[in-house]
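The structure appears right after this line, and notes come after that.
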Amino acid sequence: MSLPWLRENWLQLVSEHGSGKLSHAHCVPWQPDLGAEAFIREWLKLLLCTQPQRKACGVCKGCLLHKAGNHPDYYEVGSIDGKGISVDQIRELTGKLQQTPNQAGVKVVWLRDAERMSVTAANALLKTLEEPTQATYFVVSPERTSRLLPTLRSRMQLHRFNVPSEQQVEQWLAQQLKRVLSAKEHELCKRYHQRPLALLGWLQSDNAPVDQLQQLSAALLGDATWPAVDKASCQGWLSATEQLLGELVRVQQNLGSDHLQLAGEQLRLQRWLTEKNYKVTDLNHWLKSCYGMRRKLAEQSGLNGPLLLQEIWMRLH
């Protein structure tokens, strides 16, 4: 694969698939900036290929049908227009899985946006995972595995992607761009090495993002005012808030600067945490509030996202 930090994950899958030891259900966190989509799509092709080696052959009937988008034994289910995944969608899927494979091979399901399943939908899926139909593989990709029912998670093999080091990302980007990185680009790698695909897109378009994490840190330390948030920017600021709280947890745990995105502010953030007397449990509580807010925004229309986010910020003042 062209994403070297995922090579170990891929080789493990290939080994289990080749030896017949591959589990029937897998949970892959949706991390597009690490290459989750590319990884899953290659995996689906491998499963549907009738003569795979270390990857799908690309020329067998299974590969050609999948490439054309009409493989009869491939099923993809996800959120429609941002709405929750209903129990009817899951029941329709499980009904189809009872049928004999059209190509006399395997049936493959990709369940996207899995965290948006209703409780009844999740329970319907749970029953299928407990009693899977023969030669059926599930690839389930939630944004966060913690949002799935614990009973559902326990029925699947959980996969975790390796996060590349700053040096790995620099080398990979130089190869992709076919040039030496600038000093500014090296600085971006230091800050965003956990988001290599996003970095590549920014550098290709010469459009690096506004550093929302840095802006929130400056507001937290009193160097700037808290940003104005509207409906369009709310999701971005919510993600940055989650990053900030995660960073504060790492600072409170005295992790080294190699593990920090705000290494230059480490001492000031430590003093701020001491002055506020905030513990890791407090920070994790607010982090869970962010996750809960994200879930509510996905499930309920009409909520005032900017107001909810500002309420979380007020707790940090």
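All residue numbers refer to positions in the sequence shown, counting from 1.
- Thr136 is linked by a side chain to side chain donor-acceptor pair (under 3.5 Å) to Thr133, counting only residues two or more places apart in sequence or in another chain.
- With rounding to the nearest 0.5 angstrom, the CD atom of Gln243 is 9.0 Å from the CG atom of Leu262.
- Side-chain contact between Lys231 and Asn304: absent, with no pair of heavy atoms (C-beta onward) separated by less than 4.5 Å.
- Comment: Glu185 engages Arg179 in a salt bridge, judged by a side-chain N to carboxylate O separation of less than 4.0 angstrom.
- Within the structure, salt bridge (Lys or Arg N to Asp or Glu O under 4.0 Å) pairs that include any residue of residues 201-217 comprise Arg191-Asp211 (at least two apart or interchain).
- A distance of 8.5 Å separates OG1 in Thr94 from CG in Leu125, rounded to the nearest 0.5 Å.
- The two residues Leu273 and Leu283 make their nearest non-hydrogen contact at CD2-CD1, 4.1 Å.
- Taking NZ of Lys107 as the start and CG of Asn102 as the end, the distance is 10.0 Å to the nearest 0.5 Å.
- A donor-acceptor pair is defined here as one N or O able to donate and one able to accept, closer than 3.5 Å; no such pair exists between the side chain of Lys21 and the backbone of Glu16.
- The line from CD of Gln214 to CG of Leu244 is 10.0 Å long, rounded to the nearest 0.5 Å.
- Applying the side chain to side chain donor-acceptor pair (under 3.5 Å) test to every pair with at least one member in residues 164-173, sequence neighbours left out, gives these pairs: Glu170-His186.
- Residues forming a side chain to side chain donor-acceptor pair (under 3.5 Å) with Gln235 (at least two apart in sequence, or on another chain): Arg294.
- Linking ILVMFWY residues whenever their side-chain heavy atoms come closer than 4.5 Å, directly or via other members, places Met293 and Leu303 in the same cluster.
- The hydrophobic cluster containing Leu199 does not contain Leu213, counting ILVMFWY residues as joined when their side-chain heavy atoms lie under 4.5 angstrom apart, directly or transitively.
- Residues Tyr137 and Val77 do not share a hydrophobic cluster, defined by chaining ILVMFWY side chains whose heavy atoms lie under 4.5 Å apart.
- Surrounding CD of Glu131 are at most 12 heavy atoms belonging to other residues, nucleotides or ligands under 6.0 Å away.
- A side-chain contact (heavy atoms from CB on, under 4.5 Å) with Leu269 holds for exactly one of Leu260, Thr274, Leu220; it is Leu220.
- When hydrophobic clusters are built by joining Ile, Leu, Val, Met, Phe, Trp and Tyr residues whose side-chain heavy atoms come closer than 4.5 Å, directly or via intermediates, Leu129 is not grouped with Ile40.
- Counting only heavy atoms from C-beta outward, the side chains of Leu148 and Cys27 approach each other to under 4.5 Å.
- Here Lys190 does not pair with Glu187 in a salt bridge; the nearest charged N to carboxylate O distance is not below 4.0 Å.
- In this structure, the side chains of Glu242 and Leu287 come closer than 4.5 Å at one or more pairs of heavy atoms.
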Next on the checklist: Between Ser233 and Asp230, does the side-chain hydrogen bond (donor to acceptor under 3.5 Å, both in side chains) criterion hold? Intermediate values first, please.
Outcome noted: CA-CA 5 Å; Ser233 64; Asp230 56 23; 2.9 Å; yes
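- When all heavy atoms of Asp73 and Pro101 are compared, the pair lying nearest together is OD1-CA, 3.4 Å.
- Atom CZ of Arg144 is surrounded by more than 12 heavy atoms from other residues, nucleotides or ligands within 6.0 Å.
- Cation-pi check for Arg41 over Trp43 is not met; the charged atom does not lie both under 6.0 angstrom from the ring centroid and within 45 degrees of its normal.
- Closest of all the heavy-atom pairs between Ala135 and Gly105 is CB-O, 3.9 Å.
- Nearest approach of Ser23 to Gln157, heavy atoms of both residues: OG-OE1, 2.9 Å.
- The backbone N or O of Ser79 sits less than 3.5 Å from a side-chain atom of Asp113, completing a donor-acceptor pair.
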Item to check | Check against side-chain hydrogen bond (donor to acceptor under 3.5 Å, both in side chains), Ser289 and Arg315 | outcome: CA-CA 11 Å; Ser289 296; Arg315 301 176 197 175; 3.1 Å; yes
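- Residues forming a side chain to side chain donor-acceptor pair (under 3.5 Å) with Lys279 (at least two apart in sequence, or on another chain): Asn277.
- Panel note: side chain Gln252, backbone Gln270; no donor-acceptor pair is recorded below 3.5 Å.
- Within the 4.5 Å cutoff, side-chain heavy atoms of Cys290 are placed close to those of Ile312.
- For Tyr278, the ring pair (Phe, Tyr, Trp, His ring centres under 6.0 Å) test picks out Trp272, Trp286, with sequence neighbours left out.
- In this structure, the separation between CD1 on Ile90 and OG1 on Thr120 is 9.5 Å, given to the nearest 0.5 Å.
- Contact annotation: the side chain of Val109 never approaches that of Val139 to less than 4.5 Å [non-hydrogen atoms, C-beta and beyond].
- Between the side chain of Ser15 and the main chain of Leu11, no donor-acceptor pair closer than 3.5 Å is present.
- Here the shortest heavy-atom pairing between Val229 and Cys234 reads CG1-CA, 3.7 Å.
- Taking the centre of each ring, Phe138 and His26 stay at or above the 6.0 Å mark.
- Salt bridge absent: Arg271 and Glu275 never bring a charged side-chain N and a carboxylate O closer than 4.0 Å.
- A donor-acceptor pair under 3.5 Å is absent between the side-chain atoms of Gln12 and the main chain of Asn9, judged by distance alone.
- For the pair Trp237/Leu216, a side-chain contact is recorded, criterion being any heavy-atom separation below 4.5 Å from C-beta on.
- Residues passing the side chain to side chain donor-acceptor pair (under 3.5 Å) test with Gln31: none are found, sequence neighbours excluded.
- Within 6.0 Å of the CD atom in Glu130, the count of heavy atoms belonging to other residues, nucleotides or ligands exceeds 12.
- Side-chain contact between Glu42 and Leu3: absent, with no pair of heavy atoms (C-beta onward) separated by less than 4.5 Å.
- The stretch residues 203-222 participates, sequence neighbours left out, in no ring-ring contact (aromatic ring centres under 6.0 Å, His included) pair at all.
- When atom types are taken as modelled, the side chain of Glu265 and the backbone of Ser217 share no donor-acceptor pair closer than 3.5 angstrom.
- With contacts defined as side-chain heavy-atom distances shorter than 4.5 Å, the pair Val140/Val28 does not qualify.
- The side chain to side chain donor-acceptor pair (under 3.5 Å) pairs that include a residue from residues 50-59 number zero, where partners must be two or more places apart or lie in different chains.
- When hydrophobic clusters are built by joining Ile, Leu, Val, Met, Phe, Trp and Tyr residues whose side-chain heavy atoms come closer than 4.5 Å, directly or via intermediates, Tyr291 is grouped together with Val280.
- For the pairing with His66, the ring pair (Phe, Tyr, Trp, His ring centres under 6.0 Å) check across Trp110, Tyr75, Tyr74 returns one residue only, Tyr74.
- Residues passing the ring pair (Phe, Tyr, Trp, His ring centres under 6.0 Å) test with Phe161, sequence neighbours excluded: Phe39.
- Within a 6.0 Å sphere centred on CZ of Arg153, heavy atoms belonging to other residues, nucleotides or ligands number more than 12.
- Judged as a ring-ring contact (aromatic ring centres under 6.0 Å, His included), the pairs with a partner in residues 212-235 (not counting sequence neighbours) are, in order, Trp226-Trp313, Trp226-His317.
- The minimum heavy-atom distance between Arg112 and Ser141, with the atom names listed, is CA-OG, 3.6 Å.
- Legend: residues meeting side chain to side chain contact (heavy atoms under 4.5 Å, CB included) with Ala224, ordered by chain and number and at least two apart, are Ala218.
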